[in-house]
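Here's the structure we're looking at; comments come further down.
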There are 2 protein chains.
Amino acid sequence: MTANEIIRKKRNGETLSSDEMKFFIDGYVRGDIPDYQMSAFLMATYFRGMNTKETAEFTRLMLHSGDVVDLSNIPGLKVDKHSTGGVGDKISLPLAPIVAACGVPVPMISGRGLGHTGGTLDKLESIAGFRTNLSIDEYKKVIAEIGLVMIGQTSEIAPADKKMYALRDVTATVECIPLIAGSIMSKKLAEGIDALVLDVKTGRGAFMATYEKSVELAQALVDIGTSFGKETIGFITNMNQPLGYAIGNWNEIVESIECLKGKGPNDIMELTYVLSGAMVWLGKRADSLVHGIEQSKKVVANGSAYEKFLQLVERQGGDVTFLEHPEKYPASKYRHEIRSEKSGYITAIDSLELGLTGITLGAGRTKVDDIIDPKAGINLTKKTGDAVVRGDVLAVFSTDKLSSVDSAAQRILQAFGIGDTQPAPSPLIFSTVDKFGIHKFSL
Amino acid sequence: MTANEIIRKKRNGETLSSDEMKFFIDGYVRGDIPDYQMSAFLMATYFRGMNTKETAEFTRLMLHSGDVVDLSNIPGLKVDKHSTGGVGDKISLPLAPIVAACGVPVPMISGRGLGHTGGTLDKLESIAGFRTNLSIDEYKKVIAEIGLVMIGQTSEIAPADKKMYALRDVTATVECIPLIAGSIMSKKLAEGIDALVLDVKTGRGAFMATYEKSVELAQALVDIGTSFGKETIGFITNMNQPLGYAIGNWNEIVESIECLKGKGPNDIMELTYVLSGAMVWLGKRADSLVHGIEQSKKVVANGSAYEKFLQLVERQGGDVTFLEHPEKYPASKYRHEIRSEKSGYITAIDSLELGLTGITLGAGRTKVDDIIDPKAGINLTKKTGDAVVRGDVLAVFSTDKLSSVDSAAQRILQAFGIGDTQPAPSPLIFSTVDKFGIHKFSL
């Protein structure tokens with residue numbers, strides 16, 4: 001068996017055996033197989049794909065390249081959620097405390113902002129003092145104590161994925177479903193979960209722009225989860241306009257607190273309840289999705305979800321002062337209102353363009369080591385379907401970067417489509433994918 | 001412009017501009033673009049191909065990565081031949097002296113044996129003292145003096161190809177027509193030629209096993225030659241049985257001398273005359289292919305082609321004693337006859353299998369630094385279509401490696417197909433490819 005033979009087999013569209021996968025992935029992690037053979041393999045995989053068995057094996061090898069956390073001594077089924085990333089997607093922030101408040105432990109390892117989409121870690125770090133870089137031991141301690149923990153990727157988790165992701169990033173091999181699925185699932189399976197809910201975004205602001213590709217990714221993710229004996233449900237959700245009104249970091253924390261108090265925007269409330277309901281159901285604290293949603297609404301109404309969030313922030317070193325008094329948070333140097341130049345209805349809001357504009361304001365990164373300005377961001381005042389009159393404020397943005405103001409003002413204005421006819425409402429959740437297949441979503 | 005963007009464009013099937021090709025290839029040669037990005041690019045090219053303009057640009061960049069020999073001070077049109085490689089393919093050895101004897105200078109830079117196919121250099125080096133490692137200056141001096149020179153690849157010629165070929169070899173990206181065509185043509189165009197004849201082998205013992213792929217390669221090669229303003233003609237020729245009777249190194253020299261004396265096997269004589277005729281025609285020493293063949297036959301008949309070969313060997317330091325008295329050449333320790341186990345007609349001779357068996361005898365390499373035994377090889381006594389009686393000798397092989405004898409005897413016997421019916425003769429030359437397209441071959 002040689003690396004060259006394995007690359008050739010994949011190139012020719014043949015199926016690789018478990019031994020061949022092991023030889024190649026383990027050899028790469030050890031450094032016996034150089035980057036140039038891995039990148040040829042990755043490109044061949046881009047064109048030829050992997051079947052379900054190969055993808056599961058690929059994930060297993062990446063998973064076992066590092067530590068797999070054992071949470072079996074913590075009572076109950078541990079359930080996490082993963083989102084493929086969207087603009088204004090702060091769902092994890094209200095969702096995790098809700099699920100934990102329902103009695104289902106949530107061990108969550110999150111990522112940073114990537115491209116035009118934000119990251120949970122960056123949002124949490126806009127809370128002064130919040131530590132996302134806990135060790136695996138601290139992580140286990142926090143989840144055992146409060147039933148909830150939110151940290152960042154550590155070097156012990158799936159190092160093969162880390163090495164391979166850096167290579168994919170510079171060899172045009174990111175956009176490949178089995179590679180994406182293996183990367184996501186190897187990290188999630190390492191957390192110590194028993195079940196997983198996936199939010200696979202589709203549309204203009206999503207990683208997967210077409211519905212078909214999003215379903216394909218959801219199926220690959222569910223197949224992997226299933227092959228590891230973990231209940232996994234995927235939701236295909238709409239990313240054609242931003243989620244909620246806030247795009248940024250601190251402003252998304254503020255909007256999340258509103259949600260935890262039951263006063264968040266309709267789309268965020270709806271999506272949070274469905275996903276948290278599914279997690280409570282998979283965690284066996286409810287006997288159906290509908291029941292899980294009811295449980296979720298109850299812990300919001302009685303304040304225990306918000307309390308859980310405050311508990312998490314305090315336990316991970318964050319300062320809760322600003323959470324209770326958001327008006328005291330430092331303000332950006334520049335604050336600019338975008339006003340509509342015509343009257344009509346909002347027909348579209350380009351979430352990709354708003355995500356990219358947010359980066360120019362300081363809310364995201366163009367390079368790995370860019371420093372994020374937590375205050376920077378965009379707050380929409382209108383959403384798709386809303387009526388507007390010429391001169392109405394469509395959005396407000398905040399930044400410390402004077403040089404970005406003019407261009408951002410223009411881009412944000414142009415991100416709004418305005419027409420004479422009110423568009424038909426578009427569903428927020430299109431479908432679900434589980435081990436039995438794909439189902440149109442309805443409650 | 002980044003390397004990643006260029007890989008992505010190629011991956012997506014878009015056409016690369018000249019600037020993009022230049023950025024990528026020059027950057028690779030300089031070392032700015034690492035192997036892992038090149039191997040991803042090569043694999044994307046394997047799947048997406050290159051159009052005619054990209055392939056020409058790719059070739060131009062590889063060509064200009066090193067020295068391009070200027071032979072313009074040598075009178076006449078310089079013409080070379082390239083073969084994609086076959087078993088028993090010693091055509092260059094009689095052909096080059098014939099063409100030179102007709103007054104067309106032949107500057108030939110050849111390769112070594114690759115896989116199951118032999119290499120002109122290895123054959124020449126079976127002549128004691130023959131130097132194939134001339135410098136470019138010596139190369140120019142020899143062609144100026146005697147109108148003929150045969151050397152090996154030097155480090156000054158197309159270093160980009162050398163670096164890229166080594167990478168392709170270990171990343172399963174060898175079998176890709178634009179990459180093969182660019183590799184061949186960058187080296188040939190660097191020789192200082194004005195025109196080129198190509199022998200593209202097809203069939204069991206060829207690099208391209210199917211007729212369609214061979215035509216595709218011939219067209220890619222002709223397109224490149226044409227785009228550089230060099231007359232180029234490709235011949236698609238039969239490699240379903242070995243050429244001639246000798247497979248090895250020294251035994252192929254002996255058969256070549258027979259050819260130069262007009263007494264070689266029919267297939268070798270025919271193919272040599274057609275290819276040399278084409279070269280004499282392209283070199284404007286004949287006004288048609290048929291006339292070029294007549295000229296070729298004349299220089300064989302009058303002994304001047306053989307004289308030219310002796311002159312070449314002497315000029316490049318070789319000992320002509322054994323050429324004049326082949327019977328004095330050292331003999332192998334083991335000489336083994338293969339006898340037919342049944343009577344009938346030879347229906348097939350597996351040239352791939354004979355090429356591979358030749359390697360085990362010492363006539364070829366499995367690793368780059370293996371040392372070739374020039375005495376080792378196989379001499380057929382029967383060819384496809386011949387009648388055989390049980391007990392007739394089919395072939396004789398020679399080796400110093402006792403351990404290879406039994407297996408070789410078995411493999412060679414099994415390489416012969418014997419049936420009751422005499423097979424219809426198969427053409428030696430199927431078609432020609434030139435800038436106007438593909439033509440069925442006939443004289």
Side-chain angles (χ1 to χ4, degrees), chain A residues 1-14 16 20 23-24 27-29 31-50 114-115 160 162-180 207 209-210 213 366-368, chain B residues 1-14 16 20 23-24 27-29 31-50 114-115 160 162-180 207 209-210 213 366-368:
Chain A
M1 203 185 310
T2 69
N4 194 39
E5 283 163 14
I6 292 171
I7 302 167
R8 169 171 283 112
K9 273 189 90 166
K10 179 45 72 189
R11 186 200 75 183
N12 291 347
E14 294 170 53
L16 299 183
E20 287 166 333
F23 177 88
F24 204 85
Y28 179 64
V29 173
D32 296 345
I33 290 177
D35 281 341
Y36 58 76
Q37 289 187 312
M38 178 53 88
S39 65
F41 176 83
L42 292 168
M43 188 59 85
T45 302
Y46 176 88
F47 283 97
R48 294 296 194 179
M50 286 185 187
L114 190 70
K162 195 165 186 176
K163 187 173 177 189
M164 218 175 296
Y165 195 90
L167 186 63
R168 285 167 60 203
D169 201 33
V170 293
T171 56
T173 49
V174 168
E175 302 91 338
C176 171
I177 284 179
L179 301 179
I180 295 168
F207 194 45
T210 70
K213 281 278 165 198
T366 51
K367 295 192 305 290
V368 170
Chain B
M1 204 184 311
T2 68
N4 194 39
E5 282 163 14
I6 293 171
I7 302 168
R8 169 170 282 111
K9 273 189 90 168
K10 178 46 72 188
R11 185 200 76 183
N12 291 347
E14 294 171 52
L16 299 183
E20 287 165 333
F23 176 88
F24 204 85
Y28 178 64
V29 174
D32 295 346
I33 290 177
D35 281 341
Y36 59 76
Q37 288 187 313
M38 179 52 88
S39 65
F41 176 83
L42 292 169
M43 187 58 85
T45 302
Y46 176 87
F47 283 97
R48 295 298 194 176
M50 286 186 186
L114 190 69
K162 195 165 186 174
K163 186 173 177 188
M164 218 175 295
Y165 196 89
L167 186 63
R168 285 168 58 205
D169 202 32
V170 293
T171 56
T173 48
V174 168
E175 303 90 339
C176 171
I177 284 180
L179 301 180
I180 295 168
F207 193 46
T210 70
K213 281 278 167 197
T366 51
K367 295 193 304 291
V368 170

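Only this structure's heavy atoms are used, side chains among them; waters, hydrogens and symmetry mates stay out. Every chain is numbered from 1 and lettered A, B, ... according to where its sequence line falls, protein lines coming before strand lines. Fair warning: this is a prediction, and the values are worked out from it, not measured in the lab.
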Segment of [X] engaging chain A (4.5 angstrom heavy-atom cut-off):
X	result
Phe41(B)	neither
Ala44(B)	both
Asp169(B)	backbone

If you draw a 6.0 Å radius around [atom1] in [X], do more than 12 non-hydrogen atoms from other residues or ligands fall strictly inside?
X	atom1	result
Lys9(A)	NZ	yes
Lys163(A)	NZ	yes
Lys162(B)	NZ	no

Kindly give the heavy-atom pair with the smallest separation between [X] and [Y], and that separation in Å.
X	Y	value
Ser39(A)	Ser39(B)	OG-OG, 2.6 Å
Phe47(A)	Arg11(B)	CZ-O, 3.5 Å
Ala172(B)	Ile7(A)	CB-CG2, 3.8 Å

Pick from Ile6(A), Val174(A), Val170(A), Asp35(A) with the largest number of heavy-atom pairs that fall under 4.5 Å of chain B: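 Most heavy-atom pairs under 4.5 Å with chain B: Val170(A).
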Report the distance from atom CE of Met38(A) to atom OG1 of Thr171(B), rounding to the nearest 0.5 Å.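 Reported to 0.5 Å precision, the distance equals 13.5 Å.
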Gap between atom OG1 of Thr173(A) and atom CE of Met43(B) - 0.5 Å precision: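 One gets 11.5 Å once the value is rounded to the nearest 0.5 Å.
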